[in-house]
A.B. asks: 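Sharing a structure here in structure tokens format.
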Amino acid sequence: MFHNEIPQLRQQAYVNGKWVDALDKSTQSVFNPATGERLGAVPQLGVQQIDDCIEAAEAAFYHWREVPVRERCALLTAWFNSIKAERKRLARILTLEQGKPYAEALGEIDYAASYIQWFAQPALLDIGAALPYGQQPLDMLVTSEPVGVCAAITPWNFPAAMITRKVAPALAAGCTKIVKPAPDTPFTALALAELAAQVGIPAGVLNVVTGDAQVIGERLTQSSRVRKLSFTGSTAVGRSLMAACAPTLKRLSLELGGNAPFIVCADADLDAAVDGAIAAKFRNAGQTCVCANAFYVADSVYDDFAQRLTDRVQQLQLGTGDQPEVTVGPLINRAALHKVEQMVTDAIQHGGEIRCGGKRWRDHGNWYLPTVITEVDASARCVQEEIFGPVAPLVRFIDSSTLLQQLRVQHAGLAAYVFTQNIEQIQRFVRQLEVGMVGINSGLISDAAVPFGGIKASGMGREGGRQGIEEYLETKYIKLNN
Ligand SMILES: NC(=O)c1ccc[n+]([C@@H]2O[C@H](COP(=O)([O-])OP(=O)(O)OC[C@H]3O[C@@H](n4cnc5c(N)ncnc54)[C@H](O)[C@@H]3O)[C@@H](O)[C@H]2O)c1
Ligand SMILES: O=C[C@H](O)CS(=O)(=O)O
């Protein structure tokens, strides 16, 4: 593996086709969450530089939207091919700044590239129509047009996929994009922008700005030139950004926090349920918006499932992402580690019994041991709130009707998982779970071809699938003649 050697990193922002420093030369450092080593730094762009970026993206929009769809899609395909060719280097950068195991980072690079490949299909934009209600044929027409300059603010947990999931549909639709990546993980975004520039995506079409989140967020939300904001991150920040966008009535896509129930019914295939649990809970050390949060297990199979899950969890390997045998990396920072520790303490105070893990791996680094907690009361924080760590609390349930009533009051509504072989159970859960996505006997649901997103406190809008392109289009109706 690469033993955490630091590859060449772009340590400047990318604005209007140029690599730029902050005018006052201020920077913010980026660290390896596994070792604490400083990887490099990126500029803290000032207000004027953000405003200049918005102006450049607007100027570029009026040209980019006139580029024929097939030419835009050809450039996206070239970008896709360049990412695939550079996947190992990109994965090394991702692992170094985010911490996930290299194998997972390779998977994320491929997943991120698949969004570009998906939206590089001109047919996705074939959504005009001639309405048959006029006096003459073809005198009532409906077409779609690009929204305009779009901003994207993205999280640290998937520093490649959360970028391409927002950039690809925007550029395919004819929009231009300004991306503000998370301060913990800017290098992956900048490396993707570098490849976009190399394949010929014009200046101003894709921009990556770095610096103070509040400062950049204020400029992007306050500017009437920015017609849309796509945000992925916590519900709290999503709410504040939504309010900030109200005065300029921006289009919004909000992919916010999750709290996915993982339901194991009495008739579940327990081996499949344990496989699904490992995939849904421990991917990215549990730092995934669609991670299984709490496990609701039918009383009659609770002890059997708990033991099987514990046995599998104890086989997970912790370490730095460059080690090939590692399956669980560190949490993103010390604050995340403290939050998980507090959640586990609270679970124990609510009757929880630690079956494995239950503490940090070692004093240095941000690892938390993969943990299974049984007999947790449903009122515990780890059941009511998003854990965002490798902790699996197990709650007993007696009947599905009571469980569904309990789950209905949850604020989040992103994803849910149900393991059962009974079609009536499947129909009941699919119908009554108040979420945007449901995995039935599956712990891995994400794909570029599906409308990814949630409801309630998990946000609005969809990314991926056909729905994902419509987030970047406005409908125009044309009446011809009389
Ligand atoms: N629904 C999804 O698809 C999805 C995907 C990934 C993460 N998430 C959620 O994101 C959270 C974890 O990610 P996070 O810690 O990076 O979230 P976060 O909300 O703290 O940060 C997300 C992004 O917002 C920026 N930001 C923070 N405050 C801001 C402000 N006031 N103005 C402008 N920008 C601001 C951050 O710099 C970062 O780039 C979890 O709740 C997770 O569930 C959701
Ligand atoms: O954290 C949430 C992301 O959307 C991850 S994924 O799309 O499920 O890989």
Side-chain angles (χ1 to χ4, degrees), residues 28 42 44 50 98 100 104-105 107-112 114-115 151-166 178-186 189 208-222 229-245 253-260 279-280 283-293 331-333 335-336 339 385-389 411-415 417 435-437 439 442-464 468:
Q28 55 190 193
V42 292
Q44 296 228 71
I50 302 302
Q98 197 274 342
K100 66 182 65 175
E104 272 197 45
E108 184 187 339
I109 296 300
D110 293 341
Y111 173 55
S114 73
Y115 276 101
I153 299 178
T154 56
W156 48 262
N157 59 342
F158 287 82
M162 296 305 99
I163 305 288
T164 59
R165 189 155 88 179
K166 298 176 185 314
I178 301 170
V179 177
K180 189 212 78 71
D184 306 280
T185 56
V208 179
V209 295
T210 58
D212 182 277
Q214 300 260 5
V215 168
I216 297 171
E218 280 172 11
R219 303 314 291 177
L220 294 177
T221 53
Q222 288 174 6
L229 171 67
S230 177
F231 171 73
T232 294
S234 61
T235 296
V237 174
R239 285 196 178 103
S240 68
L241 290 172
M242 182 175 185
C245 288
S253 298
L254 300 175
E255 303 290 351
L256 307 179
N259 184 342
R283 180 161 69 106
N284 199 19
Q287 301 170 116
T288 299
C289 58
V290 290
C291 266
N293 204 60
L331 299 179
I332 187 67
N333 54 39
K339 176 187 170 186
E385 300 171 30
E386 182 178 51
I387 300 167
F388 235 52
H411 301 302
L414 191 57
Y417 306 90
V435 294
M437 302 175 282
S442 168
L444 285 175
I445 58 178
S446 306
D447 189 293
V450 305
F452 187 105
I455 60 175
K456 304 200 294 187
S458 292
M460 60 187 68
R462 293 294 183 270
E463 296 187 307

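Keep in mind that the numbers below use all heavy atoms, side chains included, and drop hydrogens, waters and symmetry copies. Fair warning: this is a prediction, and the values are worked out from it, not measured in the lab. Counting starts at 1 for both ligands and their atoms, in listed order.
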A.B. asks: If I compare all heavy atoms of Pro181 with all of Pro186, which pair ends up nearest, and what's the gap?
C.D. replies: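 Distance-wise, the nearest heavy atoms are CG-CA, 4.0 Å.
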
A.B. asks: Using a strict 4.0 Å cut-off to heavy atoms of Val290, name the atoms of ligand 2 that fall inside it.
C.D. replies: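 So the answer, numbered in order with elements, is 8 (O).
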
A.B. asks: Using heavy-atom distances only, which candidate in Gly464, Ala415, Cys289 approaches atom 2 (C) of ligand 2 most closely?
C.D. replies: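 Considering heavy atoms of Gly464, Ala415, Cys289, the nearest to atom 2 (C) of ligand 2 sits in Cys289.
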
A.B. asks: Could you tell me, atom by atom, which parts of ligand 1 come under 4.0 Å of a heavy atom of Gln214?
C.D. replies: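 In order of numbering, the contacting atoms are 31 (N).
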
A.B. asks: Find all atoms of ligand 1 within a distance of less than 4.0 Å from any non-hydrogen atom belonging to Asn157, and give their numbers and elements.
C.D. replies: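 Checking each atom against Asn157, I get 6 (C), 7 (C).
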
A.B. asks: Just let me know how Ser446 lines up against ligand 2, side chain, backbone, both or neither, with a heavy-atom cut-off below 4.0 Å.
C.D. replies: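 Contact part for Ser446 vs ligand 2: side chain (C-beta onward).
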
A.B. asks: Quick one: does ligand 2 sit under 4.0 Å from the side chain of Asn157, the backbone, both or neither, non-hydrogen atoms only?
C.D. replies: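 Side chain only.
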
A.B. asks: Run the contact test for Arg165 against ligand 1 with a 4.0 Å cut-off on heavy atoms, strictly below, and give the result.
C.D. replies: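 Right, Arg165 reaches ligand 1.
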
A.B. asks: Report yes or no: is the cationic atom of Lys100 (NZ for Lys, CZ for Arg) under 6.0 Å from the centre of the six-membered ring of Phe158, at an angle within 45° of the ring normal?
C.D. replies: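 Output yes; distance and angle both within limits.
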
A.B. asks: With heavy atoms of Thr232 as the reference, note each atom of ligand 1 found under 4.0 Å away.
C.D. replies: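 Taking each heavy atom of Thr232 in turn, ligand 1 has 2 (C), 3 (O), 4 (C), 5 (C), 6 (C), 7 (C), 22 (C), 44 (C) under 4.0 Å.
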
A.B. asks: Is ligand 2 less than 4.0 angstrom away from at least one heavy atom of Gln287?
C.D. replies: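 No, Gln287 has no heavy atom closer than 4.0 Å to ligand 2.
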
A.B. asks: Show me which atoms of ligand 1 lie under 4.0 Å from any heavy atom of Pro155.
C.D. replies: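 Counting from 1, the qualifying ligand atoms are 6 (C), 7 (C), 13 (O), 16 (O).
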
A.B. asks: As a check for students: among Arg165, Glu255, Glu108, identify the option with a heavy atom nearest to atom 4 (O) of ligand 2.
C.D. replies: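 Selected option, by shortest heavy-atom distance: Arg165.
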
A.B. asks: Do Asn284 and Gln98 pair up side chain to side chain, a donor and an acceptor below 3.5 Å, judged on atom types alone?
C.D. replies: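 Yes, Gln98 and Asn284 have a side-chain donor paired with an acceptor closer than 3.5 Å.
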
